[in-house]
Engineer: 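A single structure is presented below for examination.
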Amino acid sequence: MNETLKRSLSGAVYITLLLASILYSTESFFILFGIFLVIAIYEFCALVQLNSIFPILFGSTLYTSITLISNYNKETTVFLNRVFLTQWDLSVNIQQLDIVLLAITLVVSVKCILFLFYDSVQKISLSGKYLYLLGYIILPFVFITKISFGVNSYNPKIIIGLFILIWTNDTFAYIVGKSMGKHKLFEKISPKKTIEGFLGGIAFAVFAGYLISKLYIEPKPEFSQKSILIWTSIAVIVGVLGTIGDLIESKFKRIAEVKDSGSIMPGHGGILDRLDSVIFVAPIIFLFYQILNYVS
């Protein structure tokens, strides 16, 4: 099969599956990203040469537990109180749990950024592998599910809008970089990325954020100015941190001496290759929404 056709077909299947699961129900969205998490853990373990059995069991259990506790608070509270004959109130504990999980993720994110500049690093310690696995892979998937709720209830527009911004940034960073890119962004990690492409991707993502806010998220005039500010800000976060997330995954692949994280998507590579930007961006977007909620 022609490589371009293969890439187009697998990309179409991925996007269709993604949008269908997000729009169909909260549960289908959680299940799909739970499956993506298992695949991502397997791919990451292969990259860093780590046995994947325990990480998959631990990651899927943690993801499921936090998802149930966070997003089905009342049902989980009733169930646990009946089983253990207690009077727990999980709502306060959930807020404290979010703070702890976010703190861990942000610390690991900073470590990942520093990891980009470690030129001499060719091997990662065992403790480092598990730390990256927790804060760079598992917990970001938890925050992907959390940001789909914004500051209130499940809203598929939020997660779809986020993916549109990421796709826009990636697409136009490639187009602008290929057509007019002259200055390398981070040549030793990703030789094809350019500063011009990086800036072009952000510019088009901001424009996409404007359109999303006007035409998709909040078409009502009374909400438009606030929505525009929120979504153009998210676009800048996506443009900057999404690119960093892509570079971090490229660093892991360079150490492992492989082109792709996996082969589950013909022509595109693995799940990590498709989600490297969103998993790095998700915790920051979650923090952004919490700040908005606090301020408002």
Side-chain angles (χ1 to χ4, degrees), residues 14 18 21 29-67 70 97-98 100-116 118 121 123-148 159 162-163 166 189 238 241-256 258-265 268-287:
Y14 166 71
L18 186 68
S21 69
F29 168 63
F30 289 159
I31 291 170
L32 179 66
F33 274 84
I35 295 171
F36 282 170
L37 171 61
V38 171
I39 300 171
I41 292 173
Y42 176 81
E43 292 178 350
F44 182 77
C45 288
L47 287 179
V48 299
Q49 298 180 334
L50 193 66
N51 187 292
S52 62
I53 296 177
F54 172 74
I56 288 175
L57 291 174
F58 173 76
S60 56
T61 301
L62 185 64
Y63 173 86
T64 303
S65 301
I66 295 175
T67 298
S70 298
L97 178 64
D98 286 345
V100 172
L101 296 180
L102 185 60
I104 294 171
T105 309
L106 293 179
V107 168
V108 176
S109 296
V110 172
K111 181 174 174 58
C112 285
I113 293 173
L114 296 175
F115 175 65
L116 279 176
Y118 293 162
V121 173
K123 291 186 178 180
I124 306 171
S125 66
L126 183 61
S127 60
K129 292 176 182 179
Y130 280 107
L131 184 62
Y132 287 127
L133 180 68
L134 177 64
Y136 172 62
I137 303 294
I138 298 174
L139 292 183
F141 272 88
V142 171
F143 286 111
I144 289 174
T145 63
K146 285 181 175 291
I147 61 177
S148 64
I159 197 70
L162 178 59
F163 272 99
I166 288 174
I189 299 298
V238 164
L241 295 182
T243 302
I244 294 175
D246 185 90
L247 289 171
I248 290 169
E249 200 230 355
S250 295
K251 179 67 177 284
F252 281 113
K253 289 190 294 186
R254 182 167 290 273
I255 292 176
V258 296
K259 179 182 178 183
D260 299 317
S261 65
S263 57
I264 194 170
M265 294 180 61
H268 290 273
I271 287 297
L272 273 181
D273 293 318
R274 294 300 90 210
L275 298 178
D276 54 2
S277 296
V278 71
I279 62 174
F280 197 74
V281 165
I284 308 300
I285 300 299
F286 175 79
L287 177 61

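Basis for what follows: all heavy atoms, side chains included, without hydrogens, waters or symmetry-related copies. Numbers for residues simply follow the sequence, beginning at 1. Quantities reported herein were computed from a predicted structural model and do not represent experimental measurements.
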Engineer: Hey, can you tell me if Phe143 and Phe286 have their rings parallel, tilted or perpendicular (30° and 60° cut-offs)?
Structural biologist: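 Ring orientation, 0 to 90° scale: tilted.
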
Engineer: Side chains of Phe115 and Val108, heavy atoms from C-beta outward: is any pair under 4.5 Å?
Structural biologist: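 Of all side-chain heavy-atom pairs linking Val108 with Phe115, none is under 4.5 Å.
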
Engineer: Report the C-alpha distance between Leu139 and Leu102 in whole Å, list the side-chain angles of each, state the deciding distance to 0.1 Å, and finish with yes or no for side-chain contact (heavy atoms from CB on, under 4.5 Å).
Structural biologist: CA-CA 8 Å; Leu139 292 183; Leu102 185 60; over 6 Å; no

Engineer: Just by distance, do the side chain of Lys253 and the backbone of Asp260 share a donor-acceptor pair under 3.5 Å?
Structural biologist: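 Checking the backbone N and O of Asp260 against the side chain of Lys253, no donor-acceptor pair under 3.5 Å is found.
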
Engineer: Roughly how far apart are Ile248 CD1 and Ile189 CD1, rounded to 0.5 Å?
Structural biologist: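 Atom-to-atom, Ile248:CD1 and Ile189:CD1 are 10.5 Å apart.
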
Engineer: Indicate yes or no: at least one non-hydrogen side-chain atom of Phe141 is less than 4.5 angstrom from one of Leu62.
Structural biologist: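 No; the side chains remain at least 4.5 Å from each other.
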
Engineer: Hey, what's the ring geometry for Phe44 with Phe252, parallel, tilted or perpendicular (30° and 60° as the breaks)?
Structural biologist: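 Rings of Phe44 and Phe252: perpendicular, over 60°.
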
Engineer: Any chance you could measure Ile255, atom CD1, to Ile124, atom CD1, to the nearest 0.5 Å?
Structural biologist: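 Going from the CD1 atom of Ile255 to the CD1 atom of Ile124 covers 4.5 Å.
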
Engineer: Just how far is it from atom CZ of Phe36 to atom OH of Tyr63, taken to the nearest 0.5 Å?
Structural biologist: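 Between atom CZ of Phe36 and atom OH of Tyr63 there are 10.5 Å.
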
Engineer: As an exercise, state the distance from CD1 of Ile138 to CD1 of Ile41, rounded to the nearest 0.5 Å.
Structural biologist: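 The distance works out to 4.5 Å.
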
Engineer: Kindly give the heavy-atom pair with the smallest separation between Ile147 and Ile144, and that separation in Å.
Structural biologist: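 The answer is CG1-O, 3.2 Å.
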
Engineer: Without hydrogens or angle criteria, can the side chains of Asp273 and Ser261 be said to hold a donor-acceptor pair below 3.5 Å?
Structural biologist: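 A pair is found: one side chain offers a donor N or O, the other an acceptor, under 3.5 Å apart.
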
Engineer: Judged by atom type as modelled, is there a donor-acceptor pair below 3.5 Å linking the side chain of Thr64 to the main-chain atoms of Thr61?
Structural biologist: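 No.
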
Engineer: Does atom CG (Leu114) have a neighbourhood of more than 12 heavy atoms from anything else shown, all under 6.0 Å?
Structural biologist: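 Count over threshold, so yes.
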
Engineer: Which heavy-atom pair separates Asp98 from Lys146 by the least distance, and what is that distance?
Structural biologist: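 Looks like OD1-NZ, 2.7 Å.
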
Engineer: Side-chain contact, heavy-atom cut-off 4.5 Å: Pro140 with Phe280?
Structural biologist: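 No, their side chains stay 4.5 Å or more apart.
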
Engineer: Nearest 0.5 Å, please: how far is CZ in Phe163 from CG in Leu18?
Structural biologist: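 Answer rounded to 0.5 Å: 4.5 Å.
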
Engineer: Taking Gly242's backbone N and O only, do any of them form a donor-acceptor pair with Ser277's side chain (distance below 3.5 Å, no angle check)?
Structural biologist: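 Yes, because the side chain of Ser277 sits within donor-acceptor range (under 3.5 Å) of the backbone of Gly242.
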
Engineer: Does Thr145 use its side chain to pair, donor to acceptor, with the backbone of Val142 at less than 3.5 Å?
Structural biologist: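 Confirmed, Thr145 side chain pairs with Val142 backbone.
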
Engineer: Does any non-hydrogen side-chain atom of Leu247 lie less than 4.5 Å from one of Asp276?
Structural biologist: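 The answer is no; the side chains never approach within 4.5 Å.
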
Engineer: Between Lys129 and Val48, is there a donor-acceptor pair closer than 3.5 Å when you use the side chain of the first and the backbone of the second?
Structural biologist: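 Yes, the answer is positive, given that a donor and an acceptor are paired below the 3.5 Å cut-off.
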
Engineer: Roughly how far, to the nearest 0.5 Å, is CG of Leu131 from OG of Ser125?
Structural biologist: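 CG of Leu131 is found 8.5 Å from OG of Ser125.
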
Engineer: Who pairs with Ile39 by side-chain contact (heavy atoms from CB on, under 4.5 Å), at least two apart in sequence or on another chain?
Structural biologist: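 Per chain and number, Ile39 pairs via side-chain contact (heavy atoms from CB on, under 4.5 Å) with Ile35, Glu43, Ile264, Ile271.
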
Engineer: Do the side chains of Leu272 and Ile137 get nearer than 4.5 Å, heavy atoms only?
Structural biologist: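 Side chain of Ile137 against side chain of Leu272, heavy atoms only: contact under 4.5 Å found.
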
Engineer: Give the ring-plane orientation class for Phe54 versus Phe58, where under 30° counts as parallel, over 60° as perpendicular and anything between as tilted.
Structural biologist: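 Phe54 vs Phe58 ring planes: parallel.
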
Engineer: Determine yes or no for a side-chain-to-main-chain donor-acceptor pair under 3.5 angstrom, with Tyr136 supplying the side chain and Ile279 the backbone.
Structural biologist: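 Side chain of Tyr136 to backbone of Ile279, a donor-acceptor pair under 3.5 Å: no, none is there.
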
